[in-house]
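Please read these numbers as outputs of a predicted model, since none were measured by experiment. For reference, positions follow the sequence shown, starting with 1.
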Amino acid sequence: MQEIVVVGAGIVGASVAHHCARLGARVTLVDRALPGSGATGESFAWIGASQRVPGPGGPLRAAATREYRRLSAEVPAVRVRWTGSLSWPPGSPEPGQRLVDAEQVAALEPHLRHPPEQALHLPGDGAVDPVATTEALVAAAGARTLFGTAVTVLRVAGGRVVGVETTAGFVGADTVVLTAGADVAVLCAPLGITVPVAPSPAVLLRLDGPPDLVRTVVVAPGVEVRAGGDGALLAALAHAGETTAAALTRSAERARDRIAALFRGGQDVRLRSARVGVRPMPAAGHPLIGPLVPGAHLAVMHSGVTLAAVAGRLVAEEVVHGVDAPELAGCRPRPA
């Protein structure tokens, strides 16, 4: 039985752990905090597929919704809200997408004050509660878990990684899978390896509002908003360099005002919280997935929530069964 150590219990690490265990490996999942407490917990968590994403990540993005349907059938506690999405101004439709007129938009989002004349409707899109999904995958994996445990260094012997040194002691492994987001650059530096990934901040708002105000994932100019599973509304914002709580609150209130203007009943929307999440962003924007050095495998990507189902399966097949996934051919890390 192979011993696999997964470093990082975000949604990608939890998916890797689940899929490795499903293939018969013995898995240890290590994280300095709790599952889903990093970038995963502050994700907008929109699960969307696109057939035309350019570059190496295209095949993974195209498979995202299909793989989540497989995963939710495999792990019933993984619950995706398949609401579809609406975005405007629309681009050119792809397979599985359609252009809809104002009347159709109003049927899909009846509380919009001024439905656009045309929007892009992706009926197969959905969203998840990223923390609940991560916890469900951890439970399904049945892995040994070391939470609240920091990995301090990768141990190398005989030219290969043989495990990790942690604040709880050494954990040996046949393969170490690094899914710890931007922290992988720090872990790899002592090996003389530069991993081109950097922290990229983004803002997630949680708001209270009337029930059923937003029914799909709405992507309008200056606004991305959807319903959350707990009755809240979630909205995603680009980080504009806010450095104080007051500045962040001002940005959040402006976004709240845009949502209020967009929907009838929006005047009752109230800001619950605004938090900055730090996403791992590979330098070229494409996933970095594959062997890093002997005994170590890398899996870092944006968006990790969107790609977790497909990436977890493919990584597990590679590290447990040695199967090279053609979908990952363009995503291989090239250590500097």
Side-chain angles (χ1 to χ4, degrees), residues 11 40 42-54 57-58 60-72 78-130 132-133 202-207 209 211-238 255 258-259 261-264 266 269 279 301-310:
I11 195 167
T40 293
E42 304 305 330
S43 171
F44 188 58
W46 173 13
I47 310 301
S50 176
Q51 307 296 322
R52 296 180 184 167
V53 173
L60 299 181
R61 181 74 66 168
T65 55
R66 181 179 71 249
E67 289 280 343
Y68 260 100
R69 292 184 186 276
R70 170 196 59 79
L71 185 58
S72 60
V78 172
R79 299 185 178 95
V80 184
R81 300 179 69 246
W82 297 110
T83 61
S85 67
L86 280 170
S87 58
W88 66 88
S92 301
E94 303 174 6
Q97 304 175 353
R98 62 183 184 132
L99 290 174
V100 290
D101 59 23
E103 183 177 351
Q104 293 167 309
V105 170
L108 292 163
E109 287 290 353
H111 298 293
L112 283 173
R113 295 181 190 273
H114 305 290
E117 293 184 4
Q118 197 172 60
L120 192 63
H121 181 217
L122 287 73
D125 281 6
V128 296
D129 178 327
T133 300
V203 180
L204 184 72
L205 310 184
R206 290 179 171 84
L207 310 107
D212 207 33
L213 183 71
V214 183
R215 297 185 177 182
T216 66
V217 179
V218 170
V219 183
V223 177
E224 291 184 9
V225 62
R226 69 173 181 87
D230 61 353
L233 295 174
L234 301 180
L237 300 181
R258 290 196 292 271
I259 294 169
L262 196 62
F263 293 95
R264 293 192 302 274
V269 171
R279 308 166 298 180
M301 66 210 72
H302 175 72
S303 157
V305 175
T306 303
L307 302 179
V310 59

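- Counting all heavy atoms, side chain and backbone alike, Leu207 lies closest to Ala235 at CD1-CB, 4.0 Å.
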Exercise for the section: Tell me, with the steps shown, if Val218 and Leu262 meet side chain to side chain contact (heavy atoms under 4.5 Å, CB included). Expected result: CA-CA 10 Å; Val218 170; Leu262 196 62; 4.3 Å; yes
Exercise for the section: Give the intermediate values and the outcome of side chain to side chain contact (heavy atoms under 4.5 Å, CB included) for residues Leu233 and Arg206. Expected result: CA-CA 6 Å; Leu233 295 174; Arg206 290 179 171 84; over 6 Å; no
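- When all heavy atoms are compared, the tightest approach of Leu205 to Ala255 is CD1-CB, 3.6 Å.
- Using modelled atom types, no side-chain atom of Thr40 and backbone atom of Pro130 make a donor-acceptor pair closer than 3.5 Å.
- Shown here are the side chain to side chain contact (heavy atoms under 4.5 Å, CB included) partners of His121, two or more places apart in sequence or in another chain: Leu86, Arg98, Val100, Leu108, Pro123.
- Under the side chain to side chain contact (heavy atoms under 4.5 Å, CB included) criterion, Ala202 pairs with Arg279, not counting sequence neighbours.
- Of all non-hydrogen atoms in Val305 and Ser43, the two that sit nearest each other are CG2-OG, 3.4 Å.
- Under the side chain to side chain donor-acceptor pair (under 3.5 Å) criterion, Arg264 pairs with no residue at all, not counting sequence neighbours.
- Qualifying side chain to side chain contact (heavy atoms under 4.5 Å, CB included) partners for Gln118, counting only residues two or more places apart in sequence or in other chains: Pro90, Leu99.
- One distance of note links CZ of Phe263 with CG of Leu213; it measures 5.5 Å at 0.5 Å rounding.
- Nearest heavy-atom pair across Gly126 and Val217 is O-CG2, 4.4 Å.
- Summarising the geometry of Thr65 relative to Ile47, their closest heavy-atom pair is CG2-O, 3.8 Å, with the distance given to 0.1 Å.
- The side chain to side chain donor-acceptor pair (under 3.5 Å) pairs that include a residue from residues 78-91 are Ser85-Asp125, where partners are two or more places apart or lie in different chains.
- Nearest heavy atoms, Ala132 versus Asp129: N-OD1, 3.1 Å.
- From Thr133, atom OG1 reaches atom CG of Leu71 across 8.5 Å, with rounding to the nearest 0.5 Å.
- Residues meeting the side chain to side chain donor-acceptor pair (under 3.5 Å) test with Thr306, sequence neighbours left out: Ser303.
- Scored by the side chain to side chain contact (heavy atoms under 4.5 Å, CB included) test, Ala232 finds Asp230, Arg272 as partners (sequence neighbours excluded).
- Sequence neighbours left out, the pairs with a member in residues 214-228 that pass side chain to side chain donor-acceptor pair (under 3.5 Å) are Glu109-Thr216, Asp212-Arg215.
- Inter-residue side-chain proximity for Pro89 and Pro221 is flagged as met; some heavy-atom pair is nearer than 4.5 Å.
- In terms of the side chain to side chain donor-acceptor pair (under 3.5 Å) criterion, residue partners of Arg113 (sequence neighbours excluded) are, by chain and number, Gln267.
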